[in-house]
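Okay, so here's the structure we're looking at.
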Amino acid sequence: MAATIHRFEVPVDDRWREISGCGTPIHVDCRDPQIVEFWAWRRDDLPARHFRIYGTGQPIPDGTHYRGTTLTPGGQLVWHLIETP
């Protein structure tokens with residue numbers, strides 16, 4: 001099965017988001033302070049993954065995985081993309 005790179009979005013809303021068919025993020029960015037975007041390999045046969053956005057200084061649960069950091073436009077906020085197994 002061929003893979004492509006796709007853009008995915010995770011809202012900044014203190015909720016875990018399930019995203020199907022994506023691999024490990026390869027780039028994280030932010031154009032809107034309320035949405036973090038990431039790019040990853042996309043294939044239909046990949047299992048669902050769970051992501052959430054945390055701000056600097058927020059407690060992050062044990063057992064999670066850091067996947068990237070981005071600044072909001074203007075650099076006023078810093079968001080971190082975290083994945084839970």
Side-chain angles (χ1 to χ4, degrees):
M1 174 175 281
T4 56
I5 295 176
H6 280 235
R7 182 181 64 85
F8 300 90
E9 295 182 350
V10 180
V12 180
D13 64 1
D14 295 330
R15 293 177 47 203
W16 289 100
R17 297 298 178 145
E18 181 176 283
I19 299 178
S20 298
C22 77
T24 302
I26 55 177
H27 180 73
V28 178
D29 212 336
C30 181
R31 294 181 285 178
D32 176 334
Q34 298 304 312
I35 299 171
V36 171
E37 304 164 287
F38 71 89
W39 285 257
W41 290 104
R42 168 85 173 92
R43 281 193 357 215
D44 290 336
D45 64 331
L46 293 174
R49 298 173 83 140
H50 297 86
F51 297 95
R52 182 176 164 181
I53 306 306
Y54 285 85
T56 297
Q58 276 188 288
I60 298 173
D62 291 337
T64 58
H65 303 284
Y66 168 82
R67 297 299 183 209
T69 294
T70 186
L71 299 170
T72 60
Q76 294 180 349
L77 299 170
V78 180
W79 299 133
H80 310 284
L81 179 65
I82 304 297
E83 181 178 8
T84 189

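Quick note: residue numbers are just sequence positions, from 1. Values in this document were obtained by computation on a predicted structure and should not be read as measured data.
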CD (Glu9) and CZ (Arg31) are apart, to the nearest 0.5 Å, by 7.5 Å

Measuring from His50:NE2 to Glu18:CD, what's the distance to the nearest 0.5 Å? 4.0 Å

Looking at every non-hydrogen atom in both residues, tell me the closest pair between [X] and [Y] and how far apart they are.
X	Y	result
Val12	Ile35	CG2-N, 4.0 Å
Pro33	Thr72	CA-CG2, 3.9 Å
Trp79	Ile53	CB-CG2, 3.6 Å
Cys30	Leu71	CB-O, 3.5 Å
Pro59	Tyr54	O-CE2, 3.3 Å
Arg42	Phe8	CD-CZ, 3.7 Å

Residues at least two apart in sequence or cross-chain that pass ring pair (Phe, Tyr, Trp, His ring centres under 6.0 Å) with Phe51, listed by chain then number, are Phe38

Please identify each residue that fulfils ring pair (Phe, Tyr, Trp, His ring centres under 6.0 Å) with Trp39, with sequence neighbours left out. His27

Decide whether Val28 and Ile26 are clustered together by the hydrophobic rule: side chain heavy atoms of Ile, Leu, Val, Met, Phe, Trp, Tyr closer than 4.5 Å, transitively.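 No.
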
For a 4.5 angstrom cut-off between non-hydrogen side-chain atoms, does [X] reach [Y]?
X	Y	value
Val10	Ile19	yes
Ile5	Trp41	yes
Pro25	Leu81	yes

For Arg52 and Thr64, what are the C-alpha separation, side-chain angles and deciding distance, and is it a side chain to side chain contact (heavy atoms under 4.5 Å, CB included)? CA-CA 10 Å; Arg52 182 176 164 181; Thr64 58; over 6 Å; no

Other residues, nucleotides, ligands: >12 heavy atoms within 6.0 Å of Gln76 CD: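 No, the 6.0 Å shell around CD holds no more than 12 heavy atoms from other groups.
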
Begin with the C-alpha distance, continue with both residues' side-chain angles, and end with the deciding distance and a verdict on side chain to side chain contact (heavy atoms under 4.5 Å, CB included) for Cys22 and His6. CA-CA 8 Å; Cys22 77; His6 280 235; over 6 Å; no

Tell me, with the steps shown, if Arg67 and Arg49 meet side chain to side chain contact (heavy atoms under 4.5 Å, CB included). CA-CA 12 Å; Arg67 297 299 183 209; Arg49 298 173 83 140; 3.9 Å; yes

